[in-house]
Protein chains: 4
Amino acid sequence: MPTRDREATRARLLEAARLRFAREGYDATSVRDIARDAGVDATLIFRYFGSKKRLFDEAAADIPDNLLDGPEEELVARMLGSVVFRDWARYGGEHPLVAMLRSSAHEDARRRIREEVCTTYVRALEDLVEGEDAALRAELLSAWLVGIGILRGVVATPALAEAEPADLAPYVESVASALLGRPMSGIPQP
Amino acid sequence: MPTRDREATRARLLEAARLRFAREGYDATSVRDIARDAGVDATLIFRYFGSKKRLFDEAAADIPDNLLDGPEEELVARMLGSVVFRDWARYGGEHPLVAMLRSSAHEDARRRIREEVCTTYVRALEDLVEGEDAALRAELLSAWLVGIGILRGVVATPALAEAEPADLAPYVESVASALLGRPMSGIPQP
Amino acid sequence: MPTRDREATRARLLEAARLRFAREGYDATSVRDIARDAGVDATLIFRYFGSKKRLFDEAAADIPDNLLDGPEEELVARMLGSVVFRDWARYGGEHPLVAMLRSSAHEDARRRIREEVCTTYVRALEDLVEGEDAALRAELLSAWLVGIGILRGVVATPALAEAEPADLAPYVESVASALLGRPMSGIPQP
Amino acid sequence: MPTRDREATRARLLEAARLRFAREGYDATSVRDIARDAGVDATLIFRYFGSKKRLFDEAAADIPDNLLDGPEEELVARMLGSVVFRDWARYGGEHPLVAMLRSSAHEDARRRIREEVCTTYVRALEDLVEGEDAALRAELLSAWLVGIGILRGVVATPALAEAEPADLAPYVESVASALLGRPMSGIPQP
DNA sequence: TATGAATGAGGCTTCATTCAT
DNA sequence: CATGAATGAAGCCTCATTCAT
């Protein structure tokens, strides 16, 4: 399938990179691994992306998520759904944010994570907080979501690993409401 | 006295390994880095530990923590103190659990993390839960602690990065109490 | 008009090649460097010249010089002017012969240098020699000119690097006259 | 012959490096070439020298020459003997200075050449000059010696390639005397 | 025809590890 | 026993060149 198609090859490399970087982390992933997965020559990585690092940057750049669509009181529930219940097969089964922690020895990866956490989670939650300490509360709730993602995806603690959305709903409701200072729903309406 | 030296060298290697593995992750750490930090020849790593991997295992084995000393209602506050406020300089400034996530591409590291999370956190919390779903509640609370550790240590979100124990106390109190189903203190007594 | 473009592109490639090969030497110059300088696709080098090597050969082929125009007794002065004082910007600032020494690991370059030295310098000087040993004397004088080019252009020894034609004139006169066995002028008439 | 002897291996690498760098130039020489010539693993180059560049520096560092021993009036003759008639087999048959011109695209190599030319040749000759323009005269004479080395070694012009010391003696005498402004001998006494 | 995607060899360098001494 | 010389695989990346389109 040596399609002589720039965009297709680029896309396959990106796809393979996302998966490898997520699963193994930046250091344990070799450009040859990625190229082999994508079925193309490793040289093309340098042709199209310039360096392993820039490939990583681009692979980490877009995390597809549209959490803002839907009722405000279900935002946390949607976030949890994204972190925990959505199928992130493209990223090795874990939410990309969680997977990217594996590369967090590199300042660039850290920055990317910070950016994503702050824009997609903290800021969105901050707007919902009633009362003072909005930033801290939003971060504490974000931390919980990230923590749940990790315990379920990386650590695989038994109860969380098998939990269904409905099992978590009541706790989401109470913790989110407590931290944000306003009633939140624990599960999105269908 | 040769035994003494041997033990001392082993200990120095372990110490250096802990720091490097924590800061850079398993893959980005080379045995020469560790040996140089310890001031000894790299070959000794193989003499004493057999391989880089077994050195990692041993370095990750003991995380010194004695969370069970103290009143029950302050357990969560102590845990948070350990994860967030204690000085883990030996592990590069982050709680070893958090640091070890950097190596979580390796199943061994994952297992070690799981072990530590389950024994030290989940199980201890589980015993305190009033009501059903003890395991899940304990894991959800553990997840929060881990998440806070990450957002503060790795991601460095602004509010958490600067928070003092007293700032977090009220939230710890309300969330821990809600999840465990019993009143918990947000800050340890001096 | 396609022929025009083809010729223009060929010429641009040759020009870029001359400069790069002179400045960096054959090995340190990549065909992509040349193509980029010429503003064309690297493939055209292979289309037009067959290989990097053949491009080099062609680029090295013509060194524009017309030393024979002018009075005989000023020949050495003209030669020195060409080697030392002429502006060889097209060749990176050094006389092409001097620049080509950088590629003298390759027998082809050596042959080209030999050819040029013998035809343009040695033979022309040989015809002027009065007395025996004509060839050796001509070569010794050629060697001096080449050496001056190198010390000024490549090595940049302080006095030669700043010398003006008039500074060198008396020495040129005496050395050239001594080696050729006949009076030579040290500086060309305007 | 895998002598497990640091100094011996280092020396063999240096020796092989000298020859390769001289013959092929810096860019055309690969560390694997050198290692193969030396009969050792290429890794040892990095163990002992740190990088290809530092190996080059060290290989270029010492050019064994003791031109100052002997009568002053024979200095130029000794220099010519060194440049032209001595057996530089270790450097591929050419005087190291001449060979190093092959790497003169690299500023470091240039600097090294300048250093050697200035200290070993120009400065020594400068001290002998009677009259003004000492520096320029010394450089002009050095240029001649370098040029002769090139025409004989690299370009291989016919007369010079076959010349014996005695053939050159009269010309050395007259040119050196003219440039230095004092009587010089054209050939060293046995 | 000419653009540029693709290739395979090889560049320097660092890795974990072994084996003499 | 311990030092460190040696190794071979693999790391990222660039090269000259070919071959579809």
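Residue numbers begin at 1 in each chain, while the letters A, B, ... track the order of the sequences.
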| message | Assuming nearest nucleotide by heavy-atom distance, tell me which of Thr29(D) and Val40(A) is located more 5' along DNA chain E. | response | Val40(A)

| 5'-most contact on DNA chain E: Lys53(B) or Thr43(C), nearest heavy atom basis? | Thr43(C)

| Could you go step by step and tell me if Ile63(D) and Met100(D) meet the side chain to side chain contact (heavy atoms under 4.5 Å, CB included) rule? | CA-CA 11 Å; Ile63(D) 299 176; Met100(D) 226 184 302; 4.1 Å; yes

Please state how far atom [atom1] in [X] lies from atom [atom2] in [N], giving the value in whole angstrom units.
{"X": "Phe56(C)", "N": "dT17(F)", "atom1": "CZ", "atom2": "C1'", "answer": "19 Å"}
{"X": "Arg47(D)", "N": "dT17(E)", "atom1": "CZ", "atom2": "C1'", "answer": "12 Å"}
{"X": "Arg36(B)", "N": "dT14(E)", "atom1": "CZ", "atom2": "P", "answer": "11 Å"}

Nearest of [options] to any side-chain atom of [X]?
{"X": "Phe46(B)", "options": "dA6(F), dT18(E), dG4(E)", "value": "dT18(E)"}
{"X": "Arg32(D)", "options": "dG10(E), dC15(F), dA6(E)", "value": "dG10(E)"}
{"X": "Lys52(D)", "options": "dT17(F), dG4(F), dT13(E)", "value": "dT13(E)"}
{"X": "Leu44(D)", "options": "dT17(F), dA2(E), dT7(F)", "value": "dT7(F)"}

| message | Between His95(B) and Leu97(B) (side chain of the first, backbone of the second, donor and acceptor by atom type, cut-off under 3.5 Å), is there such a pair? | response | yes

| said: What contact category does Val31(A) fall into here, base, sugar-phosphate, or nothing, at under 4.0 angstrom with non-hydrogen atoms? | reply: sugar-phosphate

| request: Using a 4.0 Å heavy-atom cut-off across all strands, classify Tyr48(A) as base, sugar-phosphate, or nothing. | output: sugar-phosphate

| remark: CD of Glu94(D) to CZ of Arg23(D), rounded to nearest 0.5 Å, is 9.5 Å

| message | Return the CZ to OG distance between Arg111(A) and Ser104(A), rounded to the nearest 0.5 Å. | response | 14.0 Å

| Taking a pair as Watson-Crick or G-U wobble with both distances under 3.5 Å, which nucleotide is matched to dA10(F)? | dT13(E)

